[in-house]
Amino acid sequence: MTTYFSAWQAVESRIQQALAANGRPTGSARLLAVSKTFPAEAVAEVYRYGQRSFGENYVQEMVDKAKLLNALDIEWHFIGPLQSNKTRPVAEVASWVHGIDRLKIAERLSVQRGNSLPPLNVCIQVNVSGESSKSGVSPEALFELAQQVVALPNLVLRGLMCIPEPTDDQAKLRSQFHLLAALRDALQQEGITLDTLSMGMSADLELAIAEGATWVRVGSAIFGARHYA
Ligand SMILES: *Cc1c(COP(=O)(O)O)cnc(C)c1O
């Protein structure tokens with residue numbers, strides 16, 4: 001059995017150090033362990049260390065792992081792009097959906113969630129880099145979508161999520177994280193209460209925490225390199 005313990009622990013300490021360096025309280029940013037492409041056994045192993053929140057990008061993969069690990073107290077986060085014909089299993093299995101970028105998806109999730117489960121926590125994904133290939137709503141369209149999502153009965157709009165431009169340019173990354181935080185502040189000014197910024201991955205979690213991240217989504221720094229079939 002592979003052990004991920006030292007890698008997981010190193011990520012946890014990077015998070016706590018970044019929080020301390022920015023004068024933020026311990027625990028104010030949390031680790032979402034991104035387990036996509038890794039087997040259920042890997043998730044179960046990291047669960048043994050105390051990790052409870054896991055992120056998945058592919059609907060069927062999340063559903064399969066959730067079924068296999070049904071006995072464990074795992075909180076599943078769906079972080080991938082979501083097509084409207086695949087919302088139902090996500091509405092039934094996930095506790096969080098990070099990548100909401102259109103009303104139709106949010107409406108379907110709300111209906112399919114129903115009111116027998118706790119409300120589904122969602123974040124709106126914002127295209128902070130302006131790349132045309134990127135999913136996410138534009139900053140200009142954010143306020144209207146946020147108002148519409150807030151009105152849906154079985155969802156709770158918790159905050160915003162972004163995936164910055166793939167670059168090593170620290171200043172550029174940081175300015176894109178800063179933009180997400182500024183958009184969160186602007187929504188709060190309009191009376192939309194948000195407590196979540198989902199931003200930062202293996203390579204840039206310190207920059208994201210400096211800008212206020214509350215979930216960092218970390219895969220390869222815990223589980224190693226991904227190999228796609
Ligand atoms: C894969 C993925 C991650 C994790 O990326 P790493 O670089 O492996 O930490 C985070 N967020 C999203 C949306 C992803 O798809």
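For ligands, and for the atoms within them, numbers begin at 1 and follow the listed sequence.
Side-chain N or O atoms of T214 include one that pairs as donor or acceptor with a backbone N or O of L197 at under 3.5 Å.
For residues 113-126, the pairs satisfying side chain to side chain donor-acceptor pair (under 3.5 Å) are N121-R158, with sequence neighbours left out.
Using cut-offs of 30° and 60° for the angle between ring planes, the W8 and Y49 rings count as tilted. Ring pair W215/H98 is tilted by interplanar angle, where 30° to 60° counts as tilted.
For the pair E165 and K172, the salt-bridge criterion is met [side-chain N within less than 4.0 Å of a carboxylate O].
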Measure from every N or O atom of ligand 1 to the protein's N or O atoms and keep only the pairs below 3.5 Å, writing each with atom names and distance to 0.1 Å.
| from | atom 1 | to | atom 2 | distance (Å) |
| --- | --- | --- | --- | --- |
| ligand 1 | 8 (O) | S220 | N | 2.8 |
| ligand 1 | 8 (O) | S220 | OG | 2.9 |
| ligand 1 | 8 (O) | R226 | NH1 | 2.7 |
| ligand 1 | 8 (O) | R226 | NH2 | 3.0 |
| ligand 1 | 9 (O) | S202 | N | 3.0 |
| ligand 1 | 9 (O) | S202 | OG | 2.5 |
| ligand 1 | 9 (O) | G219 | N | 2.8 |
| ligand 1 | 11 (N) | R217 | NE | 2.9 |
| ligand 1 | 15 (O) | K36 | NZ | 2.7 |
| ligand 1 | 15 (O) | N57 | OD1 | 3.4 |
| ligand 1 | 15 (O) | N57 | ND2 | 2.8 |

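In this model, a donor atom of one side chain and an acceptor atom of the other lie less than 3.5 Å apart for S129 and E131.
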